> 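Provided herewith is a single structure, encoded as structure tokens, for subsequent inquiry.
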2 protein chains.
Amino acid sequence: MELNNRKVNILKAIIHSYIEEGEAVGSRTLSKKYDLGVSSATIRNEMSDLEELGYLIKPHTSAGRVPSDKAYRLYVDNILIDKNKSKYYKQIKKILQEDINEMEMFLRNSSRILAQLTKYTSLIIAPQFKKSKLKHVQLVPVSGRKVLIVMIMQNNIVKNVLLNLKTPIPENQLNKISNLLNEKLTGLRLDMIDLSMKNRIKKEIYSIRNQYDQKIDELMKVLISSLNEYDKIDVYSDGLNNMLNFPEYNDTEKIREFLSFVEDKDNIVKLLLKNTGEDLDITIGHENIFDEISKCSLITATYKFNGITVGKLGVIGPTRMDYKTAIPIVKALSNNINEIIEKNFKDQIKE
Amino acid sequence: MELNNRKVNILKAIIHSYIEEGEAVGSRTLSKKYDLGVSSATIRNEMSDLEELGYLIKPHTSAGRVPSDKAYRLYVDNILIDKNKSKYYKQIKKILQEDINEMEMFLRNSSRILAQLTKYTSLIIAPQFKKSKLKHVQLVPVSGRKVLIVMIMQNNIVKNVLLNLKTPIPENQLNKISNLLNEKLTGLRLDMIDLSMKNRIKKEIYSIRNQYDQKIDELMKVLISSLNEYDKIDVYSDGLNNMLNFPEYNDTEKIREFLSFVEDKDNIVKLLLKNTGEDLDITIGHENIFDEISKCSLITATYKFNGITVGKLGVIGPTRMDYKTAIPIVKALSNNINEIIEKNFKDQIKE
DNA sequence: TATTAGCACTCTTTATTGATGAGTGCTAAG
DNA sequence: CTTAGCACTCATCAATAAAGAGTGCTAATA
């Protein structure tokens, strides 16, 4: 059996109707609502075929039919043409045009906007450090025994760690150590700093201090470990309550399942980092790696800095989500973020 | 009519029963469950009195009775004796004993622990800047046109702002400006930096640069404005899905109301900053300033640095929350946080 | 041969009814 | 003052019935 033109049209109509109403679609409803040029009986036959082909599912004997994950996949890949991207692009650009000094605030805003525009739950993860190079390290004296380590990454994300030394280090030595660390570490990707390099650097620092010093071990340990932190990726999310608008979440148990899934930031990180390949990625229903969201779809996009993917953003909603508006919105936001990052956080120096 | 001993005992039994079961309590159930030494008929009469006095509410004619906000208030203020504080204190101390270099991570952890222990929704707001003094400013050169402003507050919270200059400032001048800013601004409370001071400082910076310079205006503007930010208080929350365990949230509409309230960080900030006076504060039901949570109670505590309140933490749950365990947990966590902040973020220098 | 009208049948949804049971308030007796 | 007894109220739950939407098959039609 073949997926002819008429079948595709009927399937498309069913998908549109189901996305809109959230209720199983019957042949008669369909023939009244959409001008398909054939009677309900014919539609009935075609629907029966579509079910056999795996594109439709019957919730029960007399309830009409519902699109399967396979149907949404076909729809997203082959039927859907996304328009309005430039419309959303301009709209988002206008809203985002505020202060963008602080990465954190900027992403929080983006997350809110994404949720508001799509009416789904937005997810954003902040730049990954491991893939980013270190640009500048500075040890700032805070007071006698305290040193603030300021790390500036290639993408101008700043990371601070406050270090509690057991005995003070004089400021001039601190500066020398700063310079040394800069010399040795800048330009390196964080996951490339290995043990032998650490030891080499430690040795050199000892020569500055003219003696072995336990505090240096301490400092190096904190520096390296905080650079290597993988699980500390920041997660921003907004619009959780948007999910409650959908009849599929009329049930407290369903809400709990979704909520506890999204509240666990580890899940979000794993989910968003799953597919790193494409700029735009859509996973539908059971394609998702987590069972808890096997009735959800996820649209994600990357954002980049100097061509390197440094973060991801996206929306999660029921599988019957409105792909035709959600996709261009995600794309438009991702483009905007890319541009703003390039413009506002970009370094002058050629890499 | 007077609130005699027997009435108080009956009320206490009703409150305990209702906190435990979540269902309206009847006279017969009560006489079976608790040994009150009188018959159900007597209890019935007393309950009728308690209703007249405003401590009990009848959901409908034949459904038993439910404690009013006034009843919980009496219970919390006069009936409840909190034990187990030291038990929870030790338990939390053990859990928190991890890396506490980063304030953000530390508070996020605390928030998770609070939600897990209480089984309610936890809320924490991070140190308020306005009330904190500036300890150190450092301008770190990132690259030609970019300068990172690192501000270290008295409580060792660090704040970064990346500044995009239109023309570069040489590093030696940057250092001089850093020194000048330190000299002029450290020790001042942020809300005390006024316009005339700003102008004086600007003048001095100009003299370093030997000329009027539009970029200095820019720098000062960013510096001051980012110091004065009030609405950027960080909010941490966890255990949203805990609320779904309560039968009062069996209704999607109720969940939505709660969720959209808590998702809005502005609400949380306003809520927690409402009462600044007491170390421990409990607001019950309609005592809350927001209608959306008029069926919730809130237990908050402060955390301090050098005796100054710098943040708040607490739990929110249904009015029939288990005060007798939630209160000591909040207290115990607040004590722990206080100690950890004192120990790990405390400066050597006497203020 | 493909399409359509007609019809019996299925199954969910919604409303109705009645029984059950927990609870109250009043009265009168202890 | 306390308590037993009793009529009455009202939410909850289960069973039943009616309505409505949809399917699949068959036979007629273009």
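Here the structure is a predicted model, which is why all the values come from computation and not from measurement. Every chain is numbered from 1 and lettered A, B, ... according to where its sequence line falls, protein lines coming before strand lines.
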> Once hydrogens and angles are ignored, does a donor-acceptor distance under 3.5 Å link the base of dT9(D) to the side chain of Ser62(B)?
yes

> From the set dT2(D), dT23(D), dT12(C), return the single nucleotide nearest to any side-chain atom of Met47(A).
dT23(D)

> Looking only at side-chain atoms of Thr42(B), point me to the closest of dG22(D), dT2(D), dC11(C).
dT2(D)

> Give the nucleotide from the list dG25(C), dT4(C), dT3(D) with an atom nearest to the side chain of Arg44(B).
dG25(C)

> Send over the distance from Leu36(B) CG to dT3(D) P, rounded to a whole Å.
11 Å

> Can a side chain N or O of Lys58(B) be found less than 4.0 Å away from OP1 or OP2 on dG25(C)?
yes

> Do Tyr323(B) and His16(B) have ring centroids that are under 6.0 Å from one another?
no

> Can a donor-acceptor pair under 3.5 Å be found between the side-chain atoms of Arg28(A) and the base atoms of dG6(C)?
no

> Go through dT4(C), dG25(C), dC10(D) for me and flag the one nearest to the Glu51(B) side chain.
dG25(C)

> Please report the distance, rounded to the nearest Å, between CG in Leu50(B) and P in dG25(C).
12 Å

> Output the rounded distance in Å from CD1 (Ile57(A)) to C1' (dT23(D)).
17 Å

> Atom NZ of Lys32(A) to atom P of dG20(D): distance rounded to whole Å?
12 Å

> Does dG23(C) have OP1 or OP2 under 4.0 Å away from a side-chain N or O of Thr29(B)?
yes

> When all nucleic acid strands are considered with a 4.0 Å heavy-atom cut-off, which category describes Ala41(A): base, sugar-phosphate, or nothing?
base

> Using whole Å, report how far CD1 of Ile10(A) lies from P of dT23(D).
12 Å

> Figure out the CD/P separation between Glu46(B) and dG25(C), and round it to whole Å.
13 Å

> State, with a plain yes or no, whether a side-chain heavy atom of Lys33(B) is found less than 4.5 Å away from one of Ser17(B).
yes

> Consider the side chain of Thr61(B), meaning its heavy atoms from C-beta on, and name the nucleotide among dT2(D), dT23(D), dT9(D) that approaches it most closely.
dT9(D)

> More than 12 heavy atoms of other residues, nucleotides or ligands under 6.0 Å from NZ of Lys12(A): is that the case?
no

> Please confirm whether the shortest side-chain N or O distance from Ser27(A) to OP1 or OP2 of dT23(D) is below 4.0 Å.
yes

> Nearest-Å distance, CG (Asn45(A)) to P (dT1(C))?
16 Å

> Among the nucleotides dT3(C), dT2(D), dG24(D), which one has an atom lying closest to any side-chain atom of Arg6(A)?
dT3(C)

> Does the distance from a Lys or Arg side-chain N to an Asp or Glu carboxylate O, for Asp77(B) and Arg73(B), drop under 4.0 Å?
yes

> Taking the six-membered ring for Trp, are Phe246(B) and Tyr120(B) closer than 6.0 Å centroid to centroid?
yes

> Nearest 0.5 angstrom please: Ile57(A) CD1 to Ser68(A) OG, how far?
5.0 Å

> Select base, sugar-phosphate, or nothing to describe what Ser40(B) touches, counting heavy atoms under 4.0 Å on all strands.
nothing

> From dT4(C), dG24(D), dT24(C), pick the nucleotide closest to the side chain of Arg65(A)?
dG24(D)

> Nearest-Å distance, NZ (Lys33(A)) to P (dA21(D))?
14 Å

